[in-house]
Amino acid sequence: MAVQHAHPDSDTAADPRPRRRDAARNHQLVVDAAREVLSEFGTDASMELIASRAGVGVGTVYRRFPNKEALIDELVRLILVELVTTAGQELAKDDGSGLETYLRVLGRSLSDHRGYADKLVGRTKAACAAHLRVLTAELLAQAQQHGRVRADITLGDVLATVYALRGIITTTGDVAPGAWERHLDIQLAGFRAPDAPSRRPSLTPAQLARISGGG
């Protein structure tokens, strides 16, 4: 009697979905482990350590990311996605509180990922950096419209605060990981204070673009 062979497209063919699920699971394990390891040890940490933390072979890591630079690029991309999403959600509330919330989320992200958060500058594509500046400017304008930030505060002032937070987190993170929050509280109070203008110039749009890698 002839043997009936299953057609590759039939229901008896091997279902590729389990393999896709395994691949997606391994990808997430690698990314999560990389976030932990690089935050803890910095960008000098080895791919072998990341693989060990993820519970996968180092070959699995390299199949997804050909080198550490590609892996860091993915981690930076995920931070930026989170920031863009947060900014959009806060703008949609339209109550003026979004700028403060956004800055706190950004500070927490820089703190949580401080081992590689410095890579945000220089690895952020110009278009994405410009998009984030636009969103931040919109949050600032909204806060000013609702009287939560005084009128003379500029986008340059807000981004200078972000640069300061990054420096504080880099300097104090291992000893006092919450120090940046007090600094932000003080800065936000200054943004609200009615009689605290400065005669010194703010950062210009051109300077901001150069600082953030957009020009």
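Excluded from the calculations below are hydrogen atoms, water molecules and symmetry mates; all remaining heavy atoms, backbone and side chain alike, are included.
No donor-acceptor pair under 3.5 Å is formed between the side chain of Arg148 and the backbone N or O of Gly98. Between the side chain of Thr154 and the backbone N or O of Asp157 there is at least one donor-acceptor pair closer than 3.5 Å. No donor-acceptor pair under 3.5 Å is formed between the side chain of Ser111 and the backbone N or O of Gly107. The main-chain N or O of Ile153 is found under 3.5 Å from a side-chain atom of Gln144 such that the two form a donor-acceptor pair.
Taking all atoms of both residues into account, the shortest heavy-atom contact from Ile168 to His183 is CD1-CG, 3.3 Å. Between Val37 and Ala45, the closest heavy-atom pair is CG1-CB, 3.4 Å. Nearest heavy atom pair, residue Gly96 against residue His146, reads N-CD2, 3.6 Å.
Counting heavy atoms from C-beta outward, Leu99 and Gln142 have side chains that stay 4.5 Å or more apart. Side-chain contact between Asp73 and Phe65 is absent, with no heavy-atom pair separated by less than 4.5 Å. Counting only heavy atoms from C-beta outward, the side chains of His113 and Leu75 never approach each other to under 4.5 Å. Looking at heavy atoms from C-beta onward, Gln207 lies out of side-chain contact with Arg210 at the 4.5 angstrom threshold. Arg104 has its side chain within reach of Leu188: a pair of non-hydrogen atoms, C-beta onward, lies under 4.5 Å apart. Side-chain contact check for Arg35 versus Asp112: every heavy-atom pair is 4.5 Å or farther apart. Residues Leu155 and Glu138 have side chains not in contact (no heavy-atom distance under 4.5 Å, counting atoms from C-beta outward). A 4.5 Å side-chain heavy-atom check between Thr86 and Leu106 finds every atom pair outside the cut-off.
Applying the side-chain contact (heavy atoms from CB on, under 4.5 Å) rule to Arg64 yields the partners Ala23, Asn26, His27, Thr60; only residues at least two apart in sequence or on another chain are considered. For Val84, the side-chain contact (heavy atoms from CB on, under 4.5 Å) test picks out His131, Leu132, Leu135, with sequence neighbours left out. Remark: Thr43 pairs with Ile72, Tyr116, Lys119 by the side-chain contact (heavy atoms from CB on, under 4.5 Å) rule, at least two apart or across chains. The salt bridge (charged side-chain N to carboxylate O under 4.0 Å, His left out) test applied to Glu181 returns Arg108, not counting sequence neighbours.
Sorted by first and then second residue, the salt bridge (Lys or Arg N to Asp or Glu O under 4.0 Å) pairs involving residues 169-180 (not counting sequence neighbours) are Arg114-Asp174. Applying the ring pair (Phe, Tyr, Trp, His ring centres under 6.0 Å) test to residues at least two apart or on different chains, none of the pairs has a partner in residues 33-62.
When hydrophobic clusters are built by joining Ile, Leu, Val, Met, Phe, Trp and Tyr residues whose side-chain heavy atoms come closer than 4.5 Å, directly or via intermediates, Ile186 is not grouped with Tyr102. Both Leu78 and Leu38 sit in one connected hydrophobic cluster of ILVMFWY residues. Membership requires side-chain heavy atoms under 4.5 Å apart, directly or through other members.
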Next on the checklist: Before you tell me yes or no, could you show the steps for Thr101 and Leu139 under side-chain contact (heavy atoms from CB on, under 4.5 Å), namely the whole-Å CA-CA distance, both residues' side-chain angles and the distance that decides it to 0.1 Å?
Outcome noted: CA-CA 10 Å; Thr101 300; Leu139 286 167; over 6 Å; no
Item to check | Worked check of salt bridge (Lys or Arg N to Asp or Glu O under 4.0 Å) between Glu36 and Arg53 | outcome: CA-CA 9 Å; Glu36 292 178 5; Arg53 185 73 63 90; 3.3 Å; yes
Item to check | Pair Gln187-Leu103, side-chain contact (heavy atoms from CB on, under 4.5 Å): steps then yes or no | outcome: CA-CA 11 Å; Gln187 290 298 110; Leu103 289 174; over 6 Å; no
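Between Asp152 and Arg150 there is a salt bridge, with a side-chain nitrogen of the basic residue lying less than 4.0 Å from a carboxylate oxygen of the acidic one.
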